[in-house]
Amino acid sequence: MNWQQLYHLRSYIRSSLWVVPFLAILVELLATRLLHQLDSRLGWTFLGLGVSGAQAMLNALITATLSLMVFTFGSLLVALQVASGQLTPRIIATVLLRNDVVRYTTGLFIFTFMFAVGAIDRMHTTVSQLVVFVAACLGISCFAAFLFLIDYAARLLRPISIVGLVGKEGLAVIESVYPDPSAGPTRLESQRQKLGSPDSVIYHRGASEIILAVNLRRLIAEAERSKGVIEFVPQVGDFIATDEPLFRLYGGAASLDEQMLRSAVAVGPERTMEQDPTFAYRIIVDIALKALSPAINDPTTAVIAIDQLHRLLRKAGKQNLRTDEILDKSGRLVVIFRTPNWEDFVHLAFTEIRYCGAQNIQVVRRLRAAIENLIQTLPKHRHAILQRELDLLDREIKKYFVYPEDLALARLGDSQGLGGASGIEELQ
C-alpha cells in the first residue's frame with residue numbers, strides 16, 4: 001500500500017461514523033466470551049438474580065439501547081441539516097462527522113446492545129451474575145452518555161463552538177505547513193527562470209477532483225536523488241481536471257517513475273484541512289458571509305467569525321511563509337511547491353467580509369480592530385497589505401454611513417464590534 005492509498009484510508013476512517021461502532025461489535029464478541037469464562041471460575045452470586053429477572057433486565061436494556069440509537073441518529077441528521085443551512089455545508093465532513101464524542105457514544109450503544117443480546121442468548125437455566133452486573137453497568141453508562149451527548153451536541157452546534165473548532169484545526173495546519181517562525185522579509189534570488197522548458201510533463205489521469213495532500217518529503221527525496229527539479233503544478237486545494245499538468249520535470253527528474261510521482265498526490269471530491277492552510281479561512285469566511293446574508297442577518301455571528309480570522313492571521317503572520325522554491329542543503333533548487341503567501345491569507349480573510357458587511361457598523365468596527373491590532377503586533381514586513389485593507393475599509397464605509405456621527409463611530413475599532421470600550425473614550 002503506497003502513501004496515496006494510506007492517506008485515503010486514514011482520511012476515510014477519520015470521517016466515517018460507522019467504523020467505531022463496527023469495532024465495538026468485534027470487541028463485544030471477545031468481551032462476552034471472556035466474561036462468561038471469568039464468571040464460571042469465580043462463581044459470583046452477589047446480585048442474586050434469577051433467570052426471569054435477569055432476562056427481563058436484559059430485554060429492557062436491548063429495547064433502551066435500540067431507542068437511544070434511533071433517537072441519536074435521527075437527531076444527528078436533523079442537526080446536520082440545521083448546521084449546514086445556518087452555517088455552511090463544509091462543516092459536515094470537517095467537523096461533525098469527525099467528532100469523536102458522537103462516534104464513541106454510538107459505539108457504546110452498539111456494544112451494550114450486542115452485549116445484552118449475547119448475554120440473554122447464553123442464559124438457559126443459570127444466570128451469569130458477573131455478566132448481568134456488567135450489562136447493568138453498561139446500561140447506566142448508556143443513559144449517562146446519551147444525556148451527555150444531548151448537552152454536548154447543543155453546545156457543539158453553536159456558531160462560536162464551530163468556528164472555534166475550525167480555528168483550532170486551522171492553527172495546527174499553519175504550524176505543520178509553515179513550521180518555522182518568521183525571520184523578516186526574504187529576498188532570495190529565484191532559480192525558476194534558469195530552468196527553461198520542462199524535460200517532461202506528467203498529466204493528471206482519472207476523475208477531475210481536488211488536490212487534498214502531497215507527500216512533499218518523498219518529492220524532495222526523489223528530486224535530490226535524481227539531481228533534478230520537480231515542479232508540482234497545482235496548489236493543495238486546487239481543482240484539477242483530467243489531462244491538466246500535474247508535474248513538470250527538469251533535468252534528471254525526467255527519468256523518475258511516473259506512477260511513483262502520481263502516488264505522492266492524494267485527490268478527492270472535497271477539500272480537507274490536513275495540508276490546506278486556507279481551507280479553515282474559507283470555512284470561517286463562509287460562515288460570516290452566511291450570517292451577513294439578508295435571509296439570516298446575524299452580524300454577531302460574523303463578528304465571532306472575525307475573531308477566529310484575527311487569530312489565524314496573527315499566527316500566519318508570525319510564521320515564515322516560505323517561497324514556492326524548496327532548496328536542498330547546498331542551496332540547489334529541488335522542488336517547486338506552491339503555498340499561500342501573506343497577501344493570500346489577508347485577501348481571503350477580509351475582502352469578502354468587507355464587501356458584504358461594509359454597511360453594518362458592528363462588522364466594520366470589528367474588522368478595523370483586527371487590522372489595527374495586526375499592524376501593532378506583527379512584524380513590519382507584514383504591514384503593507386494590512387494598511388491597504390484599512391484604506392479600503394475607510395473608502396468602503398463612506399458609501400454607507402452618510403451621517404457624520406455614524407461615520408465617526410464606524411471609524412473606531414472595537415474588538416466586540418459594537419458595545420466594547422475601545423471607542424467610547426475617543427468619542428467623549
Side-chain angles (χ1 to χ4, degrees), residues 83 85-88 91 154-168 170-171 280-317 345-378 383 385-428:
Q86 293 292 323
L87 300 174
T88 174
I91 65 172
R155 298 174 186 272
L156 174 66
L157 294 177
R158 297 179 302 168
I160 191 170
S161 299
I162 294 295
V163 296
L165 288 173
V166 175
K168 183 179 179 181
L171 290 175
Y281 290 77
R282 180 72 270 162
I283 294 174
I284 297 174
V285 169
D286 285 348
I287 292 174
L289 297 180
K290 182 70 73 70
L292 291 171
S293 65
I296 296 178
N297 193 23
D298 182 12
T300 301
T301 294
V303 168
I304 292 172
I306 297 171
D307 291 342
Q308 294 300 321
L309 293 171
H310 184 180
R311 177 189 182 194
L312 289 170
L313 282 174
R314 181 184 289 113
K315 180 63 178 177
F345 285 117
V346 174
H347 289 152
L348 178 56
F350 291 139
T351 302
E352 292 173 283
I353 296 178
R354 170 172 46 78
Y355 183 80
C356 295
Q359 57 188 331
N360 189 290
I361 194 168
Q362 185 179 173
V363 172
V364 296
R365 282 165 62 90
R366 183 62 186 95
L367 280 175
R368 182 178 298 276
I371 296 171
E372 289 177 345
N373 178 265
L374 291 171
I375 291 175
Q376 293 172 4
T377 58
L378 291 181
H383 292 182
I385 185 65
L386 294 172
Q387 189 60 55
R388 180 186 174 191
E389 285 293 327
L390 202 57
D391 295 339
L392 287 171
L393 184 62
D394 283 330
R395 288 152 57 186
E396 193 78 25
I397 63 177
K398 288 181 181 179
K399 298 190 299 184
Y400 297 103
F401 299 95
V402 296
Y403 298 120
E405 294 84 357
D406 288 341
L407 184 59
L409 193 63
R411 284 175 170 169
L412 297 173
D414 189 343
S415 59
Q416 294 184 25
L418 190 63
S422 58
I424 295 177
E425 295 179 357
E426 298 182 44
L427 290 176
Q428 287 179 346

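Just so it is clear, the structure is predicted and the values come from calculations on it, not from any experiment.
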Taking all non-hydrogen atoms of both residues, which atom of [X] and which atom of [Y] are closest, and how far apart?
X    : Y    : value
L312 : A280 : CD1-CB, 4.4 Å
L313 : L378 : O-CD1, 4.2 Å
I306 : A370 : CG2-CB, 4.4 Å
P299 : N360 : CB-ND2, 3.3 Å
I397 : A358 : CG2-O, 4.2 Å
D414 : A369 : N-CB, 3.4 Å

Considering only residues two or more places apart or on different chains, which pairs with a residue in residues 345-376 satisfy ring-ring contact (aromatic ring centres under 6.0 Å, His included)? Y281-F345

Treating S161 as the side-chain partner and R155 as the backbone partner, does any N or O pair qualify as donor plus acceptor under 3.5 Å? yes

Assess the residue pair R366 and D307 against the criterion (salt bridge (charged side-chain N to carboxylate O under 4.0 Å, His left out)); give the C-alpha distance rounded to whole Å, side-chain angles, the decisive distance to 0.1 Å, and a yes or no. CA-CA 8 Å; R366 183 62 186 95; D307 291 342; 2.6 Å; yes

Is there a side-chain contact between [X] and [Y] in this structure, where contact means two heavy atoms from C-beta onward sitting under 4.5 Å apart?
X    : Y    : result
L418 : L409 : yes
R314 : N373 : yes
I287 : V166 : no
L374 : V346 : no
V364 : R354 : no
L156 : L165 : yes

Find the distance between [atom1] ([X]) and [atom2] ([Y]) and round it off to the nearest 0.5 Å.
X    : Y    : atom1 : atom2 : value
I283 : I162 : CD1   : CD1   : 10.0 Å
D391 : L386 : CG    : CG    : 11.0 Å
L412 : E372 : CG    : CD    : 8.5 Å
K290 : T88  : NZ    : OG1   : 6.0 Å
H383 : Q376 : NE2   : CD    : 9.0 Å
I371 : L390 : CD1   : CG    : 5.5 Å

Ion pair check, R368 and D394, cut-off under 4.0 Å: yes

Using the salt bridge (Lys or Arg N to Asp or Glu O under 4.0 Å) criterion, which residues pair with R282? Sequence neighbours excluded. D286, E352

